[in-house]
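Here is the structure we will look at, set down as structure tokens.
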Amino acid sequence: MFLPSSDSGCFGARRSTDGTPMDLLALVAFHEIVGHGGIGRASRATGQPKTTLSRRLRELEDALGVRLVERGPKTFRLTEEGAMLHRQTGGLLAEIEDVGQALAGGLSRPRGPLRVSVPTLFADLYMGRIAARFVARYPEIALEVLSENRLIDPLIEGVDLVVRVNPHLDESLVGRIVMREETLLVAPPSLERPRRRAGDEASTGVPAIILPTTAGMPVWLVEGKNGIEAFTPVPVLRTSSVSMAWQAARNGAGAALLPGSLVDEDLRSGRLICWGSVPERRTEIWVLYTSRRLLSPKVSAFVELLCAAFPHQRAPRSKES
């Protein structure tokens, strides 16, 4: 880790009751001790004397006025305060290391580990080819892609970038839009599209594959070439997997509301038919990073390559295929 070599460095955002700054090297020592599960193990792994690590841990506790670690001959356990300090400062130390690596390796040279969190469906559809292209272009970057459908705090969990669908406003995150797309009502060609009689205001029932995102929609209002039509979904299958809903629709189970990018090839080949789009369910996919993090060469390189993978952001589709 690129850090000061003397004891003069300090982490000045937090001070003890007597005004003494929190020593940066003491904070680093604390993370090394926690990461290796004890002072002895940290000493063996880092080559630092046990007395030095123990002294820095004690100085950190004195500066903060709290006990961070419960330790004994055979026990090592973080206190509640220690766990909070470890969780909330790990990302800050990673930022400092990024700066050091950038300066040591040249500011324009992308290198080092890069962790990216992406939704599972996005990972399944796109990340294989994008990751292959990225690692071929930047061999000095060790890319790790986490495929998951949970919201994470990038700073706390040590993630450099996150890809999110329709993200909520978050002042701690900034980034760029990757793609825009619409939600389409698609059905297999074997499913006859119901036609309403003139003057009939009732919505038309249709066999439907239901996802959690569409479970609360008693009526599907769809915009097509004939204007707005209403369909009442009659569930034949419920699933939490978008991929499974897509496969079921392709195999004739029923109609489904699915992302346009997912079904593009099926619409071109005729395996699925588009009955129209759902205007109020347009989707934006963003790549985000913490606004506090230095936009390092490796982060910038990934953002540029990811956005370049979708050069033509999807235009709204108001008529069915």
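Not measured: the values here are computed from a predicted model.
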Donor-acceptor contact present, side-chain Ser54 to main-chain Lys50, <3.5 Å:
no
Shared ILVMFWY cluster between Met244 and Phe122, side chains joined below 4.5 angstrom?
no
How about Lys298 and Arg111: do any of their side-chain heavy atoms sit closer than 4.5 Å?
no
Co-membership, hydrophobic cluster, residues Val163 and Leu114, 4.5 Å side-chain:
yes
Spacing of CD belonging to Gln247 relative to OG1 belonging to Thr239, to within rounding of 0.5 Å
11.5 Å
Separation of His86 NE2 from Glu81 CD (nearest 0.5 Å)
15.5 Å
Is any NZ, NE, NH1 or NH2 atom of the basic residue among Glu265 and Arg268 found under 4.0 Å from an Asp or Glu carboxylate oxygen of the other?
yes
Any chain of hydrophobic side-chain contacts (each under 4.5 Å) joining Ile210 to Leu185?
yes
State plainly whether one hydrophobic cluster holds both Val206 and Val278, where clusters connect Ile, Leu, Val, Met, Phe, Trp and Tyr through side-chain heavy atoms under 4.5 angstrom apart.
yes
For Arg282 versus Asn166, what's the shortest heavy-atom pair and its separation?
O-ND2, 3.7 Å
Going from OG on Ser277 to CG on Leu221, what distance comes out if it is rounded to the nearest 0.5 angstrom?
11.5 Å
Value for CG (Leu57) from CD1 (Ile39), rounded to nearest 0.5 Å, stands at 5.5 Å
Hey, are the side chains of Leu191 and Trp275 touching, using non-hydrogen atoms and a 4.5 Å cut-off?
yes
Determine, stepwise, if the pair Phe231 / Val219 fulfils side chain to side chain contact (heavy atoms under 4.5 Å, CB included).
CA-CA 6 Å; Phe231 297 91; Val219 175; over 6 Å; no
Rounded distance (nearest 0.5 Å) linking atom CG of Leu68 with atom CG of Leu60:
5.0 Å
Please name the pair of heavy atoms, one in Pro233 and one in Ala208, separated by the smallest distance, quoted to 0.1 Å.
CB-CB, 3.6 Å
Close side-chain approach of Val66 and Thr79, heavy atoms under 4.5 Å:
no
I need the minimum non-hydrogen distance between Tyr289 and Asp160, along with the two atoms involved.
CB-O, 3.4 Å
Would one find more than 12 heavy atoms of other residues, nucleotides or ligands at under 6.0 Å from atom CZ of Arg41?
no
Within 6.0 Å of CD in Glu280, more than 12 heavy atoms from elsewhere:
yes
So among Thr183, Leu211, Thr214, which one has a side chain to side chain contact (heavy atoms under 4.5 Å, CB included) with Leu258?
Leu211
Does a side-chain N-to-carboxylate-O contact under 4.0 Å join Arg137 and Glu304?
no
Flag the pair Phe302 / Leu143 as yes when at least one side-chain heavy-atom distance between them is below 4.5 Å, and no otherwise.
yes
Heavy-atom side-chain contact between Leu306 and Arg176 under 4.5 Å
no
Which value, rounded to the nearest 0.5 Å, describes the distance between Leu121 atom CG and Ser241 atom OG?
8.0 Å
Using side chain to side chain contact (heavy atoms under 4.5 Å, CB included), reason through Leu184 and Leu272 one step at a time and then give a plain yes or no.
CA-CA 11 Å; Leu184 305 180; Leu272 289 173; over 6 Å; no
A side-chain contact here means heavy atoms from C-beta on lying under 4.5 Å apart; do Glu144 and Pro113 qualify?
no
Hey, mind stepping through Val186 and Asp266 against side chain to side chain contact (heavy atoms under 4.5 Å, CB included) and telling me if it holds?
CA-CA 10 Å; Val186 298; Asp266 295 310; over 6 Å; no
Would you say Ile130 and Val135 are hydrophobically clustered, going by side-chain heavy atoms of ILVMFWY under 4.5 Å?
yes
Are Glu157 and Arg150 within salt-bridge range, i.e. N to O under 4.0 Å?
yes
Would you call Thr290 and Leu173 a side-chain contact if the rule is heavy atoms closer than 4.5 Å?
yes
Quick one: do the Glu181 and Ser261 side chains pair a donor with an acceptor below 3.5 Å?
yes
Could you walk me through whether Val69 and Phe30 satisfy the side chain to side chain contact (heavy atoms under 4.5 Å, CB included) test, starting with their C-alpha distance in whole Å, then the side-chain angles of each, then the deciding distance to 0.1 Å, before giving a yes or no?
CA-CA 9 Å; Val69 175; Phe30 167 69; 4.2 Å; yes
Do Asn251 and Arg271 have side chains that get closer than 4.5 Å, going by heavy atoms?
yes
Kindly give the heavy-atom pair with the smallest separation between Leu85 and Leu64, and that separation in Å.
CD2-CD1, 3.8 Å
Working note: Glu32 + Arg56, criterion salt bridge (charged side-chain N to carboxylate O under 4.0 Å, His left out); need CA distance, chi angles, decisive distance, verdict.
CA-CA 11 Å; Glu32 289 171 340; Arg56 286 177 175 165; over 6 Å; no
Residue pair Ala248 / Leu237: nearest heavy atoms and the distance that separates them:
CB-CD2, 3.7 Å
For Gly252 against Pro188, the heavy-atom pair lying closest together
CA-CG, 3.6 Å
